[in-house]
Number of protein chains: 2
Amino acid sequence: MPRTQEGNHLPDLSRYIAPAGTALDAGRCPVRDVLDRLGDKWTTLILLQLAEGPKRFAALNRGVPDISKRMLTQTLRTLERDGLVERTVFPTKPPSVQYELTETGLSLMTPLGGLLAWAESRHGDIRAARVAYDSTEVAPAE
Amino acid sequence: MPRTQEGNHLPDLSRYIAPAGTALDAGRCPVRDVLDRLGDKWTTLILLQLAEGPKRFAALNRGVPDISKRMLTQTLRTLERDGLVERTVFPTKPPSVQYELTETGLSLMTPLGGLLAWAESRHGDIRAARVAYDSTEVAPAE
DNA sequence: TCTATACGGTCTACATAAGAGACCATATCC
DNA sequence: GGATATGGTCTCTTATGTAGACCGTATAGA
């Protein structure tokens with residue numbers, strides 16, 4: 001079994017890999033249980049909106065214009081259920097609903113920020129790699 | 001790279017939010033273009049496998065037992081296209097194929113590690129929040 | 001008064017994506 | 001000869017995501 005063959009200053013990621021065959025099921029594997037949520041396509045965008053401060057439903061919808069209300073509701077419910085977002089209903093007439101990050105949600109912003117910084121700095125590389133890949137696929141003249 | 005550590009003092013995340021109405025489309029918004037990939041359900045798991053060192057197709061399949069070959073192939077192709085993973089075919093008799101992280105892929109491991117550390121440390125909170133949420137939903141008698 | 005808009009959603013119908021599992025060719029082992 | 005392993009592809013079915021209509025209340029404007 002190949003160990004980590006180089007000591008290239010990586011964080012010890014193997015700790016996040018479930019022991020083979022045992023804990024890869026959701027509910028026990030934090031990677032799946034948490035990371036899958038961030039990949040919800042909308043979750044990260046909404047968290048980013050809320051990182052600016054508490055917002056209301058319609059404001060979130062404006063901040064992420066191409067999300068449907070259904071998906072916005074659904075994503076917010078999941079975030080609320082996971083304890084990342086707090087939902088407060090003000091009994092005004094039309095009732096207004098405020099969403100804001102909880103302490104847990106707020107604490108996610110730091111590691112998320114690191115990932116976004118990576119995404120921003122490497123976005124050019126990734127896009128270039130795609131172009132290169134697609135061109136060699138179309139014209140494998142190498 | 002922002003190294004903000006305080007919970008109430010966030011890194012400037014607003015920079016990752018596209019100017020309203022302009023750049024939320026994929027291809028211009030790094031958040032979508034990159035983060036959506038990590039949410040591919042399998043991508044992170046496979047990257048974690050490869051963080052241990054180069055692996056072959058079947059080894060990856062064993063490391064993530066419940067992925068189908070079809071999804072494994074597809075995910076690896078996407079990672080290769082994005083320049084995060086390099087695919088090398090050795091012309092042995094049943095040809096063997098090795099996958100390994102590129103420098104770009106390797107560079108993702110650090111911010112990803114931060115996110116996984118967060119996921120691990122908050123997993124208990126999140127699961128507890130879910131239980132609490134579900135119980136109040138089922139029995140809203142307060 | 002009649003209509004339009006905004007609030008915060010829900011509901012239904014449809015399109016896309018994921019998943020299971022058969023299948024392929026080659027080669028070695030028993 | 002049959003099983004197993006290599007690295008996939010292909011089709012079929014099911015789950016998920018999306019668009020958009022709809023709902024009731026309330027305010028503003030014509």
Side-chain angles (χ1 to χ4, degrees), chain A residues 1-2 24-26 29 31-33 35-46 49-50 54-82 85-100 133 137 140, chain B residues 20 24-26 31-33 35-46 49-50 54-82 85-100 133 137 140:
Chain A
M1 175 181 174
L24 270 175
D25 55 311
C29 175
V31 179
R32 295 197 172 193
D33 205 19
L35 270 281
D36 285 358
R37 295 301 163 86
L38 295 183
D40 251 358
K41 176 170 186 179
W42 302 114
T43 298
T44 305
L45 262 6
I46 291 170
Q49 292 288 319
L50 290 175
K55 290 199 177 185
R56 289 165 59 180
F57 187 88
L60 289 169
N61 211 159
R62 280 188 295 267
V64 188
D66 52 348
I67 192 176
S68 65
K69 286 194 213 172
R70 183 183 181 274
M71 286 311 296
L72 181 54
T73 300
Q74 187 174 303
T75 305
L76 286 168
R77 286 286 182 284
T78 301
L79 287 171
E80 186 194 359
R81 179 169 179 261
D82 285 358
V85 161
E86 187 181 358
R87 179 176 182 267
T88 312
V89 180
F90 295 104
T92 55
K93 299 284 200 125
S96 66
V97 181
Q98 175 184 273
Y99 293 90
E100 64 188 314
Y133 182 90
E137 287 304 286
Chain B
L24 270 175
D25 55 310
V31 179
R32 294 195 173 196
D33 205 18
L35 270 282
D36 284 359
R37 294 301 162 86
L38 295 182
D40 250 358
K41 176 168 188 179
W42 301 114
T43 298
T44 305
L45 261 6
I46 291 171
Q49 292 288 319
L50 290 175
K55 290 200 178 184
R56 290 166 58 180
F57 188 87
L60 289 169
N61 210 159
R62 281 189 294 268
V64 188
D66 53 348
I67 192 177
S68 66
K69 287 199 227 172
R70 182 182 179 275
M71 287 311 296
L72 181 54
T73 300
Q74 189 174 303
T75 306
L76 287 168
R77 286 286 182 281
T78 301
L79 287 171
E80 187 193 358
R81 179 169 179 262
D82 284 358
V85 161
E86 186 181 359
R87 178 176 183 267
T88 311
V89 180
F90 295 105
T92 54
K93 268 333 196 161
S96 67
V97 182
Q98 176 185 271
Y99 294 91
E100 64 187 313
Y133 182 90
E137 288 302 286

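These values consider heavy atoms only, across backbone and side chains, with no hydrogens, waters or symmetry-generated copies. Residue numbering restarts at 1 for every chain, and letters A, B, ... go by the order of the sequence lines. Remember, it's a predicted structure, so these values are computed and weren't measured experimentally.
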Euclidean distance, [Y] [atom2] relative to [X] [atom1], rounded to 0.5 Å:
X      : Y      : atom1 : atom2 : value
W42(B) : D66(B) : CH2   : CG    : 4.0 Å
K55(B) : I46(B) : NZ    : CD1   : 11.0 Å
F90(A) : R56(A) : CZ    : CZ    : 9.0 Å
L72(B) : N61(B) : CG    : CG    : 5.0 Å

Pairs under 3.5 angstrom, nitrogen or oxygen only, protein versus nucleotides 28-30 of chain C, please.
none

Figure out the [atom1]/[atom2] separation between [X] and [N], and round it to whole Å.
X      : N      : atom1 : atom2 : value
R56(A) : dG8(C) : CZ    : C1'   : 10 Å
Y99(A) : dG8(C) : OH    : P     : 8 Å
K55(A) : dG9(C) : NZ    : P     : 16 Å

**Request:** Return no unless some side-chain N or O of R62(A) is found under 4.0 Å from OP1 or OP2 of dC7(C).
**Result:**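 Result: yes.
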**Message:** Quick check: closest heavy atoms across L50(B) and Y99(B), and the distance to 0.1 Å?
**Reply:**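 Looking at all heavy atoms of both residues, the shortest contact is CD2-O, 3.3 Å.
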**Item:** Those residues that, when tested against T43(B), pass side-chain contact (heavy atoms from CB on, under 4.5 Å) (two or more places apart)
**Value:** L38(B), D40(B), L47(B), T75(B), L79(B)
**Prompt:** Residues in side-chain contact (heavy atoms from CB on, under 4.5 Å) with E100(B), at least two apart?
**Reply:** P54(B), E86(B), T88(B), Q98(B)
**Item:** Segment of DNA chain D, first to last nucleotide, that comes within the 4.0 Å heavy-atom reach of chain A
**Value:** dG17(D) to dA26(D)
**Prompt:** Are the side chains of Y133(A) and T78(B) in touch, meaning some heavy atoms are under 4.5 Å apart?
**Reply:** no
**Message:** Once you apply a heavy-atom cut-off of 4.0 Å, does F90(B) come out as touching a base, just sugar-phosphate, or nothing?
**Reply:**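 No contact at all - F90(B) keeps every heavy atom at 4.0 Å or more from the nucleic acid.
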**Request:** Evaluate the criterion side chain to side chain contact (heavy atoms under 4.5 Å, CB included) for residue pair L60(A) and L76(A); output intermediate values, then yes/no.
**Result:** CA-CA 10 Å; L60(A) 289 169; L76(A) 286 168; 3.9 Å; yes
**Asked** For DNA chain C, which residues in residues 69-78 of chain B have a heavy atom at a distance below 4.0 Å?
**Response**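 R70(B), M71(B), Q74(B), in order of number.
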**Prompt:** Which salt bridge (Lys or Arg N to Asp or Glu O under 4.0 Å) pairs, counting each pair once, include a residue from residues 67-81 of chain A, with sequence neighbours left out?
**Reply:**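 For residues 67-81 of chain A: R81(A)-D134(B).
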